[in-house]
Amino acid sequence: MTDFNATRPLFSLPHGVTYLDGNSLGPLPVAAQDRMAACLRDEWGEMLITGWNKAGWMDQPRALGDRIGRLIGAAPGTTVVGDTLSIKVYQALASALELRPDRRVILSDSGNFPTDLYMAEGLVRSLDQGHRIETPAPEDVAAQIDAIGDDLAVLMLTEVDYRTGRRHDMPALIRAAHEVGALVIWDLAHSAGAFAVDVSDTDADFAVGCTYKYLNGGPGAPAFIYVAPRLADQVQPALSGWLGHDAPFAFDPDYRPGPGIDRMRVGTPPVLQMAALEAALDIWDQVDMDALRTRSVELCERFIEGVEATCPDLTLASPRDAAMRGSQVSFRFDHGYAAMQALIARGVIGDFRAPDIMRFGFTPLYIDEGDVDRAIATLADIMAHRLWDRPEYHARAAVT
Ligand SMILES: *Cc1c(COP(=O)(O)O)cnc(C)c1O
């Protein structure tokens, strides 16, 4: 069991703020401040270039990958951190397509986060081999797997829809994709740290995710990639950077991929960001993912019930069945952007996704019933008195 009263003080949250946006950017772990300061002062400052060996900087991408591995059911030595999620999607997809040279379809869905689809489009264009990307509605993916059949090269899905929080039945979809001989890339952006995931048990081929959302690694924290051990020595990295080479410091003029997951490394790892991520993972090391999921469902249900009872103008955009949801709840409202700005001005932070989605993330490590009740009461007040209808709440900022 995890004591969620004990995890809350491990985060530095501004006084008076109810933070329901940890699904987009997790808050600062208190210990990250000292850990980063020590990395700057004692490692970079004192060790200079010897830090790569002495402070273990070069091994961090694997070490941190193993700790994320525990949260996603990946065995040690199968996950590595680095780059951004967009890059990791590209790497996984390029490798998967190369493993299925006779097939032409990449199946995703219309709810996928745009960057995953953009990266796929760019890759398809540079490969120029006639691949096509299909994006049916999320509920039609299973039928499409069967319809495409043996032309399906890769099923590339983000498990939880970033707008609605709808969750795919990944074990069933992975089985169906494997039955037609396709490979699966599972994007865990809204899964890792939101609930237990098991990439080994479900036999996923590739998994990718970011560490600045539920995992609280900080803005710009590196992404991660998992490759099933049965494939790890077969994949040919499209981004064949020197740190994925078998012997980077041999400075061999020819590329030769490193063993297993090491070949998914690209270039120099982000040492300062990894120090913050390390502090975040110190917290995750203590968390029981089943207990986390139970809490998350309780908080989400309480929020849905409270908002539906007090805000008749809002419509639930997330599945009502908790089993079909991630750890976020979304409501539709025509003036959702303005209503969210009004909420933020009152210390309740969620976010907005066009065209009309108000999005709220529930993260039991630092959110409790008191936060949920405060968010409901504040939202109810804004709606009842049309407090969102002020010019300053309608002006759009660059990041929503
Ligand atoms: C957040 C998110 C991203 C972000 O990609 P970056 O390269 O880290 O900016 C990508 N894909 C999905 C599904 C996401 O939710």
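Just so you know, these numbers use all the heavy atoms, side chains as well, and skip hydrogens, waters and symmetry mates. Ligands are counted one by one from 1 in listed order, and the atoms in each one are counted from 1 as well. All values derive from a computational prediction rather than experimental measurement.
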Report the nearest protein non-hydrogen atom to atom 14 (C) of ligand 1: residue, atom name, distance rounded to 0.1 Å.
K213 NZ, 2.8 Å
Run the numbers for me: atoms of ligand 1, each under 4.0 Å from some heavy atom of D187, listed by number.
11 (N), 12 (C), 13 (C)
Of the options V227, L239, V208, which is the one that meets M264 in a side-chain contact (heavy atoms from CB on, under 4.5 Å)?
V227
Taking the six-membered ring of F195 as reference, does the cationic atom of R167 (NZ for Lys, CZ for Arg) lie under 6.0 Å from its centre and within 45° of its axis?
yes
Residue pair H168, D109: steps toward the side-chain hydrogen bond (donor to acceptor under 3.5 Å, both in side chains) verdict
CA-CA 11 Å; H168 277 297; D109 70 24; 2.6 Å; yes
Interfacing atoms of ligand 1 (cut-off 4.0 Å, heavy-atom, T115)
5 (O), 10 (C), 11 (N)
Is NZ or CZ of R359 both nearer than 6.0 Å to the six-membered ring centre of F352 and within 45° of the ring axis?
no
Students should be able to answer this: which protein heavy-atom is nearest to atom 7 (O) of ligand 1, and at what distance?
S86 OG, 2.6 Å
In terms of atom number and element, which parts of ligand 1 are under 4.0 angstrom from non-hydrogen atoms of H190?
15 (O)
If the cut-off is 4.0 Å to any non-hydrogen atom of A189, which atoms of ligand 1 fall inside it?
12 (C), 13 (C), 14 (C), 15 (O)
When you measure from atom 11 (N) of ligand 1 to every protein heavy atom, which one gives the shortest distance, and what is it?
D116 OD1, 2.7 Å
On the ring face of F224, is K213 found with NZ or CZ under 6.0 Å from the centre and within 45° of the axis?
no
The ring-ring contact (aromatic ring centres under 6.0 Å, His included) partners of Y118 (sequence neighbours excluded) come to none
Out of curiosity, S95 OG to Q236 CD, how far, rounded to the nearest 0.5 Å?
8.0 Å
Atoms in ligand 1 with a heavy atom of T158 nearer than 4.0 Å:
13 (C)
Do me a favour and list the nearest non-hydrogen protein atom to atom 6 (P) of ligand 1 with residue, atom name and distance?
Y212 OH, 3.5 Å
